[in-house]
Amino acid sequence: MNKAPSFSEKTKLAELIADNPKLLQVLPRFGIGLGFGDHNVAEVCKANNVSVKLFLLVCSVCFDADNLPHQADFDSIDMDGLLPYLLASHRYYLDERFPHIEEHLQHIIIAGGPKYGNMLSHFYNEYKQEVKKHFKYEEEEVFPYIEALRRGDCGKGYRIEQFRHNHSNIEDTLEDMNSILIKYLPGDILPKERIEIAMDIMELSADLVSHSLIEEHVLIPYVESLENALP
């Protein structure tokens, strides 16, 4: 990697969370639950059958966008858990975060009336369809290709460069939606709930940025290393 992260496998996981609270969103995607006491990262990963090096790699990229791995790093890392991690992220967004946001956003859409409510509804529905399309492409095209590569199958002419070329930032539309909530809705339309949902959207946007970083700076280089190893 370009520089050493400020934590290691000997760091107590509770201390790592205190320094990087968004790790609380990362843990369940590795199948790691809370209640790990004062155990360090290596001990918790071992107890949950998680690759310590992969866990640290994901954390380092999530916490510092400049801390990027080199292709040589993948030779020493068990990458078996990467696709399950990304799939768990998809399920989290679709099954937990979106329903939570929808519940509160619907109140604002109704209170905003046709002028503002229809605009918010349009932005949200368009965004949700974009995300679902993005995830479906990954799960039906990209991930099976990677699994085939891992089995030594060169695939059917597909290359990860196609994914890199078409990879979009699915968090961009959230900024437009938040602009409506913060800047343009009249101040008397559910102000408290608008603050709460705006904060939720900002949190989701930041999480999606981290998700994109993992795909761009971990998944793609890893797959390129598999492609380069093909005869």
- Message: Using the rule given for side-chain contact (heavy atoms from CB on, under 4.5 Å), can you reason through Tyr124 versus Leu120, listing the C-alpha separation, both sets of side-chain angles and the distance that settles it, and then say yes or no?
- Response: CA-CA 6 Å; Tyr124 179 76; Leu120 273 173; over 6 Å; no

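- Listed here is the closest heavy atom pair of Ile182 and Arg194: O-NH2, 4.2 Å.
- Connection of Met177 to Met199 is not established within any shared hydrophobic cluster, with ILVMFWY side chains joined at heavy-atom distances below 4.5 Å, either directly or through further cluster members.
- A donor-acceptor pair under 3.5 Å links the side-chain atoms of Glu227 to the main chain of Ile160, judged by distance alone.
- Counting only heavy atoms from C-beta outward, the side chains of Val50 and Val44 never approach each other to under 4.5 Å.
- Inter-residue side-chain proximity for Asn40 and Glu43 is flagged as met; some heavy-atom pair is nearer than 4.5 Å.
- When atom types are taken as modelled, the side chain of Asn228 and the backbone of Glu224 share a donor-acceptor pair closer than 3.5 angstrom.
- In terms of heavy atoms, Pro99 sits closest to Leu94 at CD-O, 3.3 Å.
- The shortest side-chain heavy-atom distance between Leu34 and Leu24 falls under the 4.5 Å cut-off.
- In this structure, Arg150 fails the cation-pi test against Phe143, since its NZ or CZ atom is not both closer than 6.0 Å to the six-membered ring centre and inside 45 degrees of the ring normal.
- Between the OH atom in Tyr127 and the NE2 atom in His122 there is a gap of 14.5 Å [rounded to 0.5 Å].
- Panel note: side chain Ser212, backbone Leu208; a donor-acceptor pair is recorded below 3.5 Å.
- Panel note: side chain Asn118, backbone Pro114; a donor-acceptor pair is recorded below 3.5 Å.
- What you find for Ile189 and Gly112 is that their closest heavy atoms are CD1-CA, 3.9 Å.
- Between atom CD1 of residue Ile201 and atom CD of residue Glu175 there is a gap of 11.5 Å, rounded to the nearest 0.5 Å.
- Around atom CG of Asp95, more than 12 heavy atoms belonging to other residues, nucleotides or ligands sit under 6.0 Å away.
- With Glu103 contributing its side chain and His100 its backbone, the two residues share no donor-acceptor pair below 3.5 Å.
- Side-chain contact between Tyr116 and Pro186 is present, with at least one heavy-atom pair separated by less than 4.5 Å.
- Hydrophobic clustering of Ile, Leu, Val, Met, Phe, Trp and Tyr side chains at less than 4.5 Å, counting indirect connections, keeps Ile110 apart from Ile180.
- Of all the heavy atoms in Ala111 and Leu190, the pair that sits closest is CB-CD1, 3.9 Å.
- Going from atom CD1 of Ile197 over to atom CD of Glu102 covers 9.5 Å, rounded to the nearest 0.5 Å.
- Taken together through direct or relayed side-chain contacts under 4.5 Å among Ile, Leu, Val, Met, Phe, Trp and Tyr, Leu83 and Tyr137 form part of one hydrophobic cluster.
- A 4.5 Å side-chain heavy-atom check between Ile214 and Leu219 finds every atom pair outside the cut-off.
- Surrounding OH of Tyr184 are at most 12 heavy atoms belonging to other residues, nucleotides or ligands under 6.0 Å away.
- The pair Glu139-Arg91 meets the salt-bridge criterion, with a side-chain N (NZ, NE, NH1 or NH2) lying under 4.0 Å from an Asp/Glu carboxylate O.
- Annotation for His134 and Glu138: closest pair NE2-OE2, 2.8 Å, computed over non-hydrogen atoms.
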- Evaluate side-chain contact (heavy atoms from CB on, under 4.5 Å) for Asn48 paired with Phe55, printing each intermediate quantity in order. CA-CA 11 Å; Asn48 289 274; Phe55 179 81; over 6 Å; no

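- Counting heavy atoms from C-beta on, the side chains of Phe36 and Ile17 come closer than 4.5 Å.
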- Message: side-chain contact (heavy atoms from CB on, under 4.5 Å), that's the test. Do Glu215 and Phe163 meet it? Break it down for me.
- Response: CA-CA 10 Å; Glu215 291 183 335; Phe163 175 61; 4.0 Å; yes

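- For the atom pair Ser179 OG and Leu185 CG, the distance stands at 11.5 Å (nearest 0.5 Å).
- Every residue two or more places apart in sequence or in another chain was checked for a salt bridge (charged side-chain N to carboxylate O under 4.0 Å, His left out) with Asp19, and none qualifies.
- Rounding to the nearest 0.5 Å gives a distance of 4.5 Å between CD1 of Ile77 and CG of Leu57.
- In the model, Asp200 has no side-chain atom that pairs as donor or acceptor with a side-chain atom of His104 under 3.5 Å.
- Side chain of Tyr145 to main chain of Tyr158: a donor-acceptor pair is present (N/O by atom type, distance under 3.5 Å, no hydrogens or angles).
- Contact detail for Cys62 and Lys22: the closest heavy-atom pair is O-NZ, 2.9 Å.
- Side-chain contact check for Leu54 versus Met79: some heavy-atom pair is nearer than 4.5 Å.
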- Message: Cys59 vs Leu23, test: side-chain contact (heavy atoms from CB on, under 4.5 Å). Steps then yes/no.
- Response: CA-CA 7 Å; Cys59 289; Leu23 178 58; 3.7 Å; yes

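- Two residues are said to be in side-chain contact when any heavy atoms from C-beta on lie closer than 4.5 Å; Leu56 and Phe7 meet this criterion.
- Using a cutoff of 4.0 Å between basic side-chain nitrogens and carboxylate oxygens, Glu161 and Arg164 are scored as salt-bridged.
- With rounding to the nearest 0.5 angstrom, the CD1 atom of Ile108 is 10.0 Å from the CD atom of Gln106.
- Counting non-hydrogen atoms of neighbouring residues, nucleotides and ligands closer than 6.0 angstrom, the CD atom of Gln162 exceeds 12 such neighbours.
- Note: Tyr93 and His211 have perpendicular aromatic rings, judged against thresholds of 30 and 60 degrees for the angle between ring planes.
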